[in-house]
Amino acid sequence: MLDFIRSVYLSPLRDIVSDNRRIGLEVERLVKSQVSDDALKTKQLEELPDEMRKAVLKMIHDITGLDYISYVGQNLLSYSSPYIKGKPEELVTFSPSSINRNLYRSMLPLFTYQEHGLGGLDLEANGLGINNLIYASIVLSRKKNEEHFRFFLIEEPEAHLHPQMLRTFFGKLNRIESHQVFVSSHSSMITAEVDITKITLMKRFDGGVPKVTHLNDVYGKDEMKAHRTYLHKFLDSTRSQLLFARSVIFVEGISEALLISKFAELMGKSLQDAGIEIVILGAKGGFDHFAPLFQDDPEWKCAFITDD
C-alpha cells in the first residue's frame with residue numbers, strides 16, 4: 001500500500017546496517033566454505049571485493065557522472081554545516097562493501113577526505129545520529145523526482161542526534177514545499193519548532209482507546225489568531241513538554257513551581273511518577289492561550305494557579 005501511494009519511509013539506518021551485516025557474514029561463510037585451500041584461489045577470492053568495487057565505481061561514474069554524490073553532500077551540509085565542513089562532492093562517496101550484498105544495497109556511504117582521510121569510515125563506525133542523517137540525505141536527494149514521490153514518513157528524527165543539529169535538520173524539513181512530510185516524535189524540541197496547527201496529538205489514558213487531537217481543529221479558526229500568535233512566540237521546548245504530559249499545572253513564576261514540587265514531596269506524592277508537568281508562563285496573561293487545548297478532552301487534566 002505504501003508503494004502504491006508513492007511514499008518513502010525513512011526507517012532507522014542502524015537496523016539496515018545490522019541486518020545487512022548479519023546476513024552478509026552468513027553468505028560470506030557459505031562462499032568461503034566452497035573454496036578449496038589452493039593458495040591461488042584463496043588469493044583470488046580475497047582480491048575479488050576490491051576488483052568488484054573498482055568495476056562498479058567505474059560503471060557508476062560512467063552512467064551518472066557522480067552528480068548524485070554532490071546532491072547528497074549539499075543536503076548534508078545544509079543542516080549540519082556548523083559541525084561538518086568541506087565541499088559537497090567530497091563529503092560522501094559510495095562504495096560496494098563486499099561480494100555478498102545486493103549491488104545497490106552495498107553502496108555504503110563513507111565520510112571521506114575532509115573528515116577521515118582518503119580511507120573513509122564505514123557506516124558501522126559512525127554515530128547512530130550521523131548515520132540517520134546520511135540516510136535522510138540520500139533519500140531526500142530523490143525529492144527532485146516529484147513524479148515518483150509525494151510525501152515522506154520520518155520516524156523519530158531526534159534519535160541519537162545532537163540537539164542543535166536536530167533543530168537545523170528539522171528546519172530543513174520545514175522548508176520542503178514540493179512534498180508533504182509526516183514526522184512521528186517524542187521530542188519537545190520538534191514540537192517547539194513546528195507550527196502548532198500542524199501538530200497531531202495521540203494520547204491514551206489508563207489503557208483506553210487512543211485519542212487523536214488535531215491542533216488545527218483547536219487553533220486553526222480565525223478567532224484563534226491571537227492564541228496562535230502567542231503560542232508561536234512562547235511555546236518553546238520547555239513549555240512544549242506539556243504536550244507529552246498526562247496532566248499539566250500552569251503557574252506564573254519559578255517560585256510557584258518550586259513550592260508546588262516541594263508541597264508534593266511533603267505529601268508523599270511524585271509529580272514525575274504521575275506524569276504531571278509544571279509549566280511556567282511568566283505572567284498571568286498567558287493562561288488563556290493554553291486553555292483551548294484542554295476544553296474538549298476531560299481525561300487530559302490541567303490546573304491554572306495564579307498569585308491571587
Side-chain angles (χ1 to χ4, degrees), residues 1-12 14-15 132 149-161 166 170 173-174 179-225 227-228 230-232 234-251 260-261 264 267-281 286-305:
M1 179 57 70
L2 290 180
D3 288 339
F4 177 74
I5 57 180
R6 294 180 177 181
S7 65
V8 177
Y9 172 51
L10 275 71
S11 56
R14 58 188 179 275
D15 297 335
N132 284 335
F149 305 112
R150 287 292 175 261
F151 57 84
F152 296 100
L153 313 174
I154 306 179
E155 182 181 356
E156 299 185 4
E158 70 270 17
H160 309 287
L161 200 55
L166 173 62
F170 196 73
L173 294 179
N174 263 335
H179 296 71
Q180 194 171 7
V181 180
F182 293 86
V183 176
S184 66
S185 176
H186 295 100
S187 170
S188 60
M189 186 173 293
I190 285 183
T191 54
E193 294 292 326
V194 72
D195 186 330
I196 193 169
T197 60
K198 295 181 180 179
I199 297 175
T200 297
L201 295 181
M202 300 183 69
K203 290 182 174 291
R204 178 165 59 186
F205 295 92
D206 300 325
V209 177
K211 180 171 182 178
V212 179
T213 303
H214 302 285
L215 295 193
N216 186 55
D217 295 339
V218 180
Y219 287 104
K221 300 175 183 178
D222 290 340
E223 58 266 28
M224 303 297 285
K225 183 178 180 180
H227 295 314
R228 291 197 304 271
Y230 178 91
L231 293 176
H232 180 71
F234 297 107
L235 193 63
D236 57 16
S237 58
T238 301
R239 295 186 179 98
S240 284
Q241 283 291 121
L242 73 92
L243 298 176
F244 303 93
R246 290 181 58 85
S247 303
V248 186
I249 299 175
F250 292 89
V251 297
I260 289 174
S261 297
M267 294 169 62
K269 305 288 186 179
S270 171
L271 298 181
Q272 187 176 38
D273 290 349
I276 298 174
E277 187 74 21
I278 299 179
V279 177
I280 302 171
L281 296 182
F287 292 158
D288 292 344
H289 302 295
F290 289 91
L293 278 172
F294 303 89
Q295 289 177 350
D296 296 327
D297 191 346
E299 291 187 282
W300 195 20
K301 301 181 185 303
C302 71
F304 298 96
I305 299 179

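For this chain, numbers begin at 1 and follow the sequence in order.
Here the side chain of Arg228 pairs a donor or acceptor atom with the backbone of Lys221 at under 3.5 angstrom. Checked by atom type and distance alone, the side chain of Lys203 pairs as donor or acceptor with a backbone atom of Ala245 at under 3.5 Å. Judged by distance alone, with hydrogens and angles left aside, the side-chain atoms of Thr191 form a donor-acceptor pair with the main-chain N or O of Ser188 at under 3.5 Å.
By the side-chain contact (heavy atoms from CB on, under 4.5 Å) test, Asp217 is found to be paired with His214, residues two or more places apart in sequence or in another chain being considered. Every side-chain contact (heavy atoms from CB on, under 4.5 Å) that Ser270 has, sequence neighbours left out, goes to Gln272, Asp273. Here Phe205 pairs with nothing under the ring-ring contact (aromatic ring centres under 6.0 Å, His included) rule; sequence neighbours left out. Glu158 is linked by a side-chain contact (heavy atoms from CB on, under 4.5 Å) to Glu156, Leu166, Ser185, His186, Ser187, Ile190, counting only residues two or more places apart in sequence or in another chain. For Val218, the side-chain contact (heavy atoms from CB on, under 4.5 Å) criterion is met by Thr213, Leu215, Pro292, not counting sequence neighbours. Phe244 pairs by the ring-ring contact (aromatic ring centres under 6.0 Å, His included) definition with nothing, not counting sequence neighbours.
Summarising the geometry, atom CG belonging to Asp195 is positioned 11.0 Å from atom CG belonging to Leu235; distances are rounded to the nearest 0.5 Å. For the atom pair CZ of Phe234 and NE2 of His289, the computed distance is 8.5 Å after rounding to the nearest 0.5 Å. From Leu231, atom CG reaches atom CE of Met224 across 8.5 Å, with rounding to the nearest 0.5 Å. In this structure, the separation between CD1 on Ile196 and OH on Tyr230 is 11.5 Å, given to the nearest 0.5 Å. Between Glu299 atom CD and Phe294 atom CZ the span is 13.5 Å, to the nearest 0.5 Å. Atom OH of Tyr219 and atom NE2 of His227 lie 7.0 Å apart (nearest 0.5 Å).
Contact annotation: the side chain of Val183 never approaches that of Val194 to less than 4.5 Å [non-hydrogen atoms, C-beta and beyond]. Within the 4.5 Å cutoff, the side chain of Gln241 has no heavy atoms near those of the Val248 side chain.
With a 6.0 Å radius and a threshold of 12 heavy atoms from other residues, nucleotides or ligands, Asp236 has its CG atom above the threshold. Enclosure of atom NZ in Lys198 is not indicated, since only 12 or fewer non-hydrogen atoms of other residues, nucleotides or ligands lie within 6.0 angstrom.
A pairwise comparison of heavy atoms in Ser184 and Pro157 identifies O-CD, 3.8 Å as the closest pair.
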